[in-house]
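Here the structure comes first, spelled out in structure tokens, and everything after it is commentary.
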Amino acid sequence: MADEKSLNFLEEIVENDLKEGKYKTIATRFPPEPNGYLHLGHAKSICLNFGLALKYGGKTNLRFDDTNPVTEETEYVENIKNDVQWLGFQWAEELYASDYFPQLYEFAVRLIKKGLAYVDDSTSDEIAEQKGTPTQPGRNNIYRNRPIEENLRLFAEMKDGKYPDGSKVLRAKIDMAHVNMLMRDPVIYRIKHAHHHRTGDTWCIYPMYDFAHGQSDSIEQITHSICTLEFVPHRELYNWCIENLEIYPSQQYEFARLNMTYTMMSKRKLLQLVNEKLVNGWDDPRMPTLSGVRRRGFTPESLREFCEKIGVAKRDNLIDLSLLEFCAREHLNKISDRRMVVFDPLKVVITNYPEGQEEMMPTENNTEAENAGVRHMPFGRELWIEREDYMENPPKKYFRLAPGQMVRLKSGFIIRCDEAIKNAAGEVTELHCTYFPESRSGHDTSGLHVKGVIHWVSVKHAVPAEIRLYDKLFVTEDMNAIEDDFKNHLNPDSLKVLSKVYAEPELANAKLGDHFQFLRMGYFVLDPDSTPGKLIFNRTVTLRESK
RNA sequence: UGUCCUAUGGUGUAAUGGUAACACAGCAGAUUUUGAUUCUGCUUUUCUAGGUUCGAAUCCUAGUAGGACAACCA
């Protein structure tokens with residue numbers, strides 16, 4: 001019997017509703033606006049919405065909230081769909097708020113007929129000014145009492161394109177003194193002579209969020225409409241619309257959005273980074289976008305696990321980036337084949353190894369995975385090792401090469417450093433070592449004991465490659481707390497390119513999407529910029545390092 | 001000088017009136033042909049003040065702190 005995991009507050013609500021027979025089955029939706037790429041915050045919402053339906057046997061619609069033609073594009077639609085599927089979820093129906101434009105128009109007419117909406121000729125400045133402030137009530141204007149017939153005529157003329165942008169709006173008639181600013185006669189339709197990515201030029205009036213979202217939920221009979229905390233004040237208006245339109249009563253619930261240390265999760269600001277070329281596009285591996293983290297090498301499994309681990313609640317949070325890294329390593333450790341790659345090469349010549357001799361050293365691909373198999377690495381007289389695996393004057397607990405000190409070449413032999421060759425500038429250019437033939441990996445009869453084990457690549461067989469090392473995009477922990485321009489907080493060292501590293505020959509066969517652990521260096525994935533002649537790897541995350 | 005939401009280790013999240021727990025992070029140690037993985041142990045918690053109750057992290061009141069709200073954005 002598995003011990004029961006406690007429920008988050010949304011699961012509690014759903015279980016309760018199901019238990020009380022309020023619903024037979026539930027319906028949720030994921031409602032992105034196609035004006036940018038999905039990021040980790042959306043992943044939380046996706047996992048929540050799809051996860052709830054999956055867990056309780058309901059369905060989830062993918063609904064594009066495309067009510068603002070000015071910022072929305074088909075390119076975004078395609079990428080959003082791709083991202084959701086990549087994360088591992090399949091929607092019941094692919095829908096668009098714009099599908100409901102005719103119906104939404106009818107809803108507006110219905111409101112006008114009930115005396116609950118009016119056409120206002122005020123400018124947006126005037127409307128804002130009449131609205132009051134959170135501590136002062138707003139006031140009614142002369143348009144508020146327009147007769148129903150006139151409103152009907154004017155609204156129809158708005159729709160027919162008789163008026164220019166900004167000249168008129170349709171407002172719900174609620175209460176200009178309401179304590180909730182959103183209830184002070186909110187604008188529900190505005191004129192925009194703009195081309196819509198789906199409806200083209202059919203419409204020149206478009207509903208506002210508050211007059212589209214709840215109605216769309218209702219049309220689709222969404223039972224639980226889950227959104228982030230900033231929509232809490234909208235709930236009153238959401239319910240007002242449903243009540244006065246007398247339509248299916250979807251219910252809105254709010255959770256706290258995801259915030260992460262050293263990460264910017266604002267679509268608007270991410271767009272700015274892209275537009276100003278401060279990153280290399282939406283899928284730059286430093287971006288918190290799903291396309292970015294995918295290219296970086298994060299797996300959907302690790303992201304889903306991350307979303308599971310961060311939980312769901314209503315208080316503001318700032319999740320440690322290290323939790324995401326932990327989830328990445330946890331999964332990558334299980335699925336990644338091990339490979340050896342030398343980043344900062346230093347040549348080792350094994351002076352007692354016969355010139356011209358080669359042998360193949362078997363080495364396991366991944367001891368964490370069953371059936372990962374073995375590969376064979378060529379071993380020869382000349383090898384590349386990591387420059388930092390040699391020290392002339394090592395500290396006490398240094399287990400690697402130093403004058404007279406021994407080390408194990410992983411899956412190879414034990415070698416001893418006899419001499420460091422230096423150039424005129426005093427820099428070490430190569431190491432002369434002796435190997436112990438009886439210390440062959442797996443057949444070690446040498447009786448030697450060494451603590452240090454290092455990776456290596458045969459000079460003759462090494463494959464050159466490029467490595468891209470990524471670090472956090474911002475240097476500031478809480479990017480929500482800053483008051484100056486967020487671009488002041490960019491990490492100048494967020495990308496470091498090593499243009500010539502030496503990889504073991506097996507990596508020449510790497511395919512897009514292959515995840516590797518480069519021994520002692522971290523987890524890497526082949527980047528799509530790679531060409532047949534040029535391998536490029538992105539570092540997904542370093543190995544955990546302790547000392 | 002308003003309304004609403006929130007307050008549990010460093011960071012998250014549980015405990016649903018009955019012994020405050022789990023994960024991450026941190027620190028120690030064991031194992032290790034990756035200074036990885038794995039394993040073991042440790043450090044650290046209920047915002048404050050009243051009240052209800054045999055008993056409060058939980059319920060009530062007040063305070064304090066943080067967040068949201070004055071787009072023809074979503």
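In what follows, every chain begins at residue 1, and chains take the letters A, B, ... in the order their sequences are listed.
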Report which part of the nucleic acid Met521(A) touches: base, sugar-phosphate, or nothing (heavy-atom distance under 4.0 Å, all strands).
nothing
With 3.5 Å as the limit, what N/O pairs link the protein to nucleotides 56-58 of chain B?
none

Taking Leu332(A)'s backbone N and O only, do any of them form a donor-acceptor pair with Ser336(A)'s side chain (distance below 3.5 Å, no angle check)?
yes
Protein and nucleotides 1-4 of chain B: nitrogen or oxygen contacts under 3.5 angstrom:
residue	atom	partner	partner atom	Å
rG2(B)	N3	Pro134(A)	O	3.2

Is Arg544(A) near enough to rG35(B) that one of its side-chain N or O atoms lies under 4.0 angstrom from OP1 or OP2?
no
Find the distance Glu477(A):CD to rU11(B):P and express it as a whole number of Å.
9 Å
Asn365(A) atom CG is separated from rU37(B) atom C1', nearest whole Å, by 16 Å
All pairs passing side chain to side chain donor-acceptor pair (under 3.5 Å) where residues 312-321 of chain A contributes a residue, at least two apart
none
Phe537(A) and ring pair (Phe, Tyr, Trp, His ring centres under 6.0 Å): which single residue from Phe524(A), Phe518(A), Tyr523(A) fits?
Phe518(A)
CD (Glu75(A)) with more than 12 external heavy atoms under 6.0 Å:
yes
Contacts of Arg544(A) that satisfy salt bridge (Lys or Arg N to Asp or Glu O under 4.0 Å) - sequence neighbours left out
none
Is it the case that more than 12 heavy atoms not belonging to Lys162(A) sit under 6.0 Å from its NZ atom?
no
Closest nucleotide of RNA chain B for Leu323(A) versus for Arg520(A): which of these residues is on the 5' side?
Leu323(A)
How would you label the contact of Val450(A) with the nucleic acid (heavy atoms, under 4.0 Å): base, sugar-phosphate, or nothing?
nothing
Classify the nucleic acid contact of His234(A) as base, sugar-phosphate or nothing, counting any heavy atom under 4.0 Å across all strands shown.
base
Taking Arg339(A) first and then Asp337(A), would you say they form a salt bridge - that is, a charged N and a carboxylate O separated by under 4.0 Å?
yes
How would you list, by chain and number, every residue that makes a ring-ring contact (aromatic ring centres under 6.0 Å, His included) with Tyr502(A), sequence neighbours excluded?
Trp384(A)
Say we look at rA36(B) and rA28(B): how far apart would their P atoms be, to the nearest angstrom?
13 Å
Could you go through Glu230(A) and Arg257(A), starting from their C-alpha distance and side-chain angles, then the distance that decides it, and tell me whether this counts as salt bridge (charged side-chain N to carboxylate O under 4.0 Å, His left out)?
CA-CA 9 Å; Glu230(A) 63 267 31; Arg257(A) 69 174 341 135; 2.7 Å; yes
Residue that, paired with Phe413(A), satisfies ring pair (Phe, Tyr, Trp, His ring centres under 6.0 Å) out of Trp456(A), Tyr435(A), Phe436(A):
Tyr435(A)
Spacing of Arg400(A) atom CZ relative to rU33(B) atom P, expressed in whole Å
17 Å
What stems involve RNA chain B, if each pair must be Watson-Crick or G-U and both of its distances must be under 3.5 Å, with 3 or more such pairs in a row?
B:2-7 with B:64-69, B:10-13 with B:21-24, B:26-30 with B:38-42, B:47-51 with B:59-63
